[in-house]
Amino acid sequence: MSPRPEAPARTRRHLLTAAAVLFVLGLTVWSANGIGVSLVELFSNLGRMGRLIDDSFPPAWSFWPRLIKPLLETLQIAIIGTIFGSILALPLAILAARTVSPSRPLYWLNRNIMNVLRTMPDLFWAMLFASAVGFGPFAGALALTVFTVAVVSKLTSESIESIDMKLTEAVRASGGNWLETVFFSVLPQALPQYVSYVLYALELNVRASTVLGLVGAGGIGMVLNTQRTTFQYDRVTMIVLFVFLVVMLIEQLSAAARRRLV
Amino acid sequence: MAGSPAIRFRQASVVYPSGVRGLDRLDLDIPHGDLVVIVGLSGAGKSTMLRAVNGLVTITGGDVEVEGRSVRSSRGKALRELRAGAGMIFQDYRIVRRLSVLQNVLVGRVARVPTWRQLIGMWPKEDVELAFDSLDRVGLVDRAYVKAGQLSGGQQQRVGIARALAQKPSVILADEPVASLDPVTSRRVMEDLRRINQDLGITTLVNLHFLDLAKEYAERIIGLSQGRLVFDGAGGDVTEGDFAEIYGRHMTADDVLEAQVAL
Amino acid sequence: MSATIVARRPGMPRSLWLGLTLLILLVWSFSGLEIDGGRVAALPKTMARMFGLFFPPDVEYGRQSVVPAILESIQIAWFGTLVGAALSLPLGLLASANLFPRATRLVKPLLAAVRAVPELLLAIYFVPVVGLGAFAGTLAIGLHSIGTLGKLTADVVESMDQRPIEAVAASGGGALSVLRFAVLPQVLPEIVALWLFRFEISLRASAVLGVVGAGGIGGVLLNTLRYREFARAGAVVVLTVIVVLAIDAVSGSIRERLVRE
Ligand SMILES: Nc1ncnc2c1ncn2[C@@H]1O[C@H](COP(=O)(O)OP(=O)(O)O)[C@@H](O)[C@H]1O
Ligand SMILES: [Mg+2]
């Protein structure tokens with residue numbers, strides 16, 4: 001019979017695990033304290049929940065005609081943000097792709113700026129633009145443009161980095177300059193991916209555009225904010241249902257389009 | 001169960017939901033302690049035959065009896081009990097790469113250890129001991145604490161064998177255990193299976209693709225074609241003509257392991 | 001597919017159709033929003049002026065008001081994600097078609113419905129129930145996390161190596177043994193990585209919850225901008241970016257280590 005091996009000394013791993021568990025626990029207790037999480041409060045407020053449900057249902061069905069125009073505005077904001085953001089994202093993606101970028105410093109600068117842009121939530125941009133250019137859909141469109149640039153350029157640059165560089169070499173070998181390699185080799189290869197990212201951004205933007213109005217950046221969220229602050233929750237529910245339907249619809253359409261692309 | 005064979009197929013049939021007939025009225029007795037090799041073309045029903053023994057496929061006609069117990073009428077706890085008595089070895093090993101070798105072998109004890117103990121990893125000492133014994137039989141004790149994914153293909157298959165052994169099975173079902181291995185490793189694994197069969201007297205059914213391996217290791221060879229029994233004879237007796245019968249064609253280099261070694 | 005190819009008139013390639021559709025959508029959108037060239041042209045100047053007003057940010061205000069609010073956003077994101085993750089694990093398993101072919105048909109649409117409502121809208125409903133503040137935001141983040149994490153968990157479980165399941169079953173293991181030895185060891189590292197990823201996203205979401213009074217830094221930014229206290233708004237933006245970048249970096253490196261085998 002062969003000798004049994006010693007179970008590996010796991011003190012180091014055990015210590016690490018214990019430290020991680022403690023850290024997670026500590027963070028959780030700290031959070032619960034800060035938030036004032038309390039099940040008692042949650043359950044003692046069930047009465048209020050009942051009243052809210054009373055207020056919210058049935059939804060104010062007759063409110064829908066007043067939602068059409070804001071909803072269209074919402075879609076328009078999403079479309080402008082998606083199209084402009086995507087157009088701007090393409091050259092930025094090429095600059096941010098390590099394998100293709102024409103200049104090292106430009107690559108680093110671009111990449112870092114994009115990383116910073118991405119840390120800001122879309123509603124932050126909406127607030128900033130609303131205060132710079134005034135309340136209304138223009139601010140929302142600008143916010144989504146920035147958001148789209150950040151998302152699409154990141155994803156596309158990663159796709160460009162993973163394309164087959166042999167073809168690109170071939171174009172270069174036959175005497176093509178940088179611009180020609182980009183046009184005849186890089187873009188054609190990355191295009192299908194790029195288009196599917198644009199559709200993905202459209203889905204995100206339709207979702208985001210519905211709440212832009214909460215900070216005055218146009219669309220159906222502006223109506224929502226009025227009804228919310230005046231506690232007309234039957235109307236709030238009507239809006240939420242409407243938004244829900246449209247978001248689901250656009251997502252189905254976009255998913256179908258993406259499936260046909262690949 | 002003196003008297004009853006280790007495994008008995010009684011007019012056993014398997015018809016898949018797609019309508020394909022995987023096994024067609026098979027009648028067969030396998031005595032205790034035999035090492036039986038099943039040969040046949042791909043799609044002949046070899047896997048179906050083995051999987052009928054531990055109820056991984058639904059028997060749709062007739063029955064299979066293991067130690068006198070009906071597979072077809074076993075459900076729930078009785079079926080799990082039956083499976084615990086039959087160790088299975090797969091062509092693609094089916095081990096969990098992220099678990100240690102020892103943990104993979106302990107999977108062979110799941111039917112014997114209370115579930116709460118398994119869930120928190122508190123395995124009884126005897127079961128861990130048994131897992132080590134099983135690893136010892138395939139020469140992998142020293143790799144017990146290594147992640148299974150780090151082993152070579154042949155070693156992973158031996159972990160699969162150790163897992164089956166840890167069940168303390170009365171039957172071992174090996175479904176093309178060497179089909180993913182190189183010729184040298186294939187022989188090592190076949191030697192392991194034969195040694196276990198002889199030392200422990202465990203009834204062993206092996207599906208094999210290579211005819212020379214079958215001849216070399218089998219006490220008895222079963223030939224299947226389209227789910228039906230077309231050959232049943234002692235390992236040494238098989239002739240080229242018999243193979244032509246089973247395969248519906250003559251032998252080629254693909255059918256022999258030696259030819260692969262020469263390549 | 002072939003039907004559409006036949007139906008397409010010669011001389012009108014797909015890209016042209018696409019371009020035309022985009023153009024129409026664009027014109028329609030522009031006409032609806034009444035964006036005029038003057039405002040677009042003035043944009044760089046407007047933005048530059050505003051960002052100029054951000055600097056130097058109001059450090060004192062940052063220390064006293066911004067940091068606590070950002071910490072509250074982190075707390076909301078952490079606790080909400082944790083609770084959501086805990087509840088999403090069983091639901092995600094139930095939603096996996098390979099494990100529960102029947103339950104999946106009910107649970108998947110349920111998760112999709114929860115996911116379709118943005119956190120902010122959920123918060124709008126929680127505020128009247130538990131009052132203004134971080135708790136309402138935490139509930140919103142938690143609920144939404146269940147929807148997203150449940151779906152992603154099911155995706156991971158459905159794409160794992162299915163074969164060990166049969167091996168455990170063949171050894172006589174019941175459903176719990178299969179879960180413990182064939183499923184969890186394969187998927188848990190990826191799923192925990194997803195939880196961390198979701199925490200990064202929850203942090204961005206919780207940063208804006210203050211807009212509807214559900215706690216965190218969002219309300220602070222909204223107020224400073226409303227009163228045009230740009231140096232204070234600058235402090236909010238700068239600190240938020242720094243904190244989010246730092247947390248992304250830490251969380252990202254842990255995630256990478258987790259999924260490396
Ligand atoms: N799960 C299944 N569903 C439907 N048909 C199957 C299934 N498994 C096997 N079959 C069919 O049953 C027949 C026998 O298969 P199998 O037992 O796997 O053969 P072998 O192992 O000899 O290659 C084949 O025709 C195969 O296509
Ligand atoms: Mg087979």
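Numbers restart at 1 for each chain; the letters A, B, ... are given by sequence-line order, proteins then strands.
Going from atom CZ of C/R204 over to atom CG of A/D122 covers 10.0 Å, rounded to the nearest 0.5 Å. Expressed to the nearest 0.5 Å, how far CG of C/L43 lies from CZ of A/F129 amounts to 6.0 Å. Between the OG1 atom in A/T210 and the CG atom in C/L121 there is a gap of 5.5 Å [rounded to 0.5 Å]. Taken from CG in A/L27 to CZ in C/F199, the straight-line distance is 6.5 Å, to the nearest 0.5 Å.
Residue C/L120 touches chain A through its side chain alone, counting heavy-atom pairs closer than 4.5 Å. With a threshold of 4.5 angstrom between heavy atoms, C/R49 does not approach chain A through any atom at all. No part of C/V243 comes within reach of chain A, as not one of its non-hydrogen atoms sits under 4.5 angstrom from that chain. Contacts of C/I247 with chain A are absent, with no heavy-atom separation under 4.5 Å from either backbone or side chain. With a 4.5 angstrom heavy-atom cutoff, A/I77 touches chain C via backbone and side-chain atoms both. Heavy-atom distances place the side chain of C/L82, and not its backbone, under 4.5 Å from chain A. C/A113 touches chain A through backbone and side chain together, each having a heavy atom under 4.5 Å away. Both the backbone and the side chain of C/F30 come within contact range of chain A, each with at least one heavy atom under 4.5 Å from a heavy atom of that chain. At a 4.5 Å heavy-atom cutoff, C/F126 makes no contact with chain A through either its backbone or its side chain.
Atom CZ of C/F197 sits in a sparse spot, with 12 or fewer heavy atoms from other residues, nucleotides or ligands closer than 6.0 Å. Atom CZ of A/R48 sits in a crowded spot, with more than 12 heavy atoms from other residues, nucleotides or ligands closer than 6.0 Å. Applying the 6.0 Å contact sphere to CZ of A/F244 captures more than 12 heavy atoms from other residues, nucleotides or ligands. A/W108 CH2: 12 or fewer foreign heavy atoms inside a 6.0 Å radius.
Chosen from C/V117, C/I217, C/L26, C/I242, the residue pairing most often with chain A at heavy-atom distances under 4.5 Å is C/L26. Annotation: maximal heavy-atom pairing with chain A below 4.5 Å, among C/I74, C/I124, C/V244, occurs at C/I124. Of the residues considered (C/I201, C/L203, C/L222), C/L222 shows the highest number of contacts with chain A, using heavy-atom pairs under 4.5 Å. In terms of heavy-atom pairs under 4.5 Å with chain C, the best-connected choice from A/I239, A/N33, A/T237 is A/T237. Among A/V133, A/V116, A/V247, the residue making the largest number of heavy-atom pairs under 4.5 Å with chain C is A/V133.
The two atoms that bring A/L52 and C/P128 nearest to each other are CD1-CG, 3.8 Å, heavy atoms only. Taking each heavy atom of A/F124 and C/A207 in turn, the nearest pair found is CE1-O, 3.4 Å. Residues A/N115 and C/L245 come closest through the heavy atom pair O-CD2, 4.2 Å. In this structure, A/M248 and C/A116 approach most closely via the heavy-atom pair SD-CB, 3.8 Å.
Between A/I35 and C/E72 the shortest side-chain heavy-atom distance does not fall below 4.5 Å. A/I83 has its side chain within reach of C/L22: a pair of non-hydrogen atoms, C-beta onward, lies under 4.5 Å apart. In this structure the side chain of A/V215 never reaches within 4.5 angstrom of the side chain of C/V208, judged on heavy atoms.
A side-chain donor-acceptor contact under 3.5 Å links C/R228 to the backbone of A/S131. With hydrogens and angles ignored, the 3.5 Å screen pairs no side-chain donor or acceptor of C/Q75 with any backbone N or O of A/A32. Side chain of A/R228 to main chain of C/Y125: no donor-acceptor pair is present (N/O by atom type, distance under 3.5 Å, no hydrogens or angles).
Checking each of C/T224, C/L221, C/V237 against A/M127 for a side-chain contact (heavy atoms from CB on, under 4.5 Å) leaves exactly one that passes, namely C/L221.
Identified by a heavy-atom distance below 4.5 Å to chain A, the contributing residues of residues 133-142 of chain C are C/A134, C/F135, C/T138, C/L139, in residue-number order.
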Derivation of the side-chain contact (heavy atoms from CB on, under 4.5 Å) call for C/T240 and A/T119: CA-CA 8 Å; C/T240 306; A/T119 58; over 6 Å; no

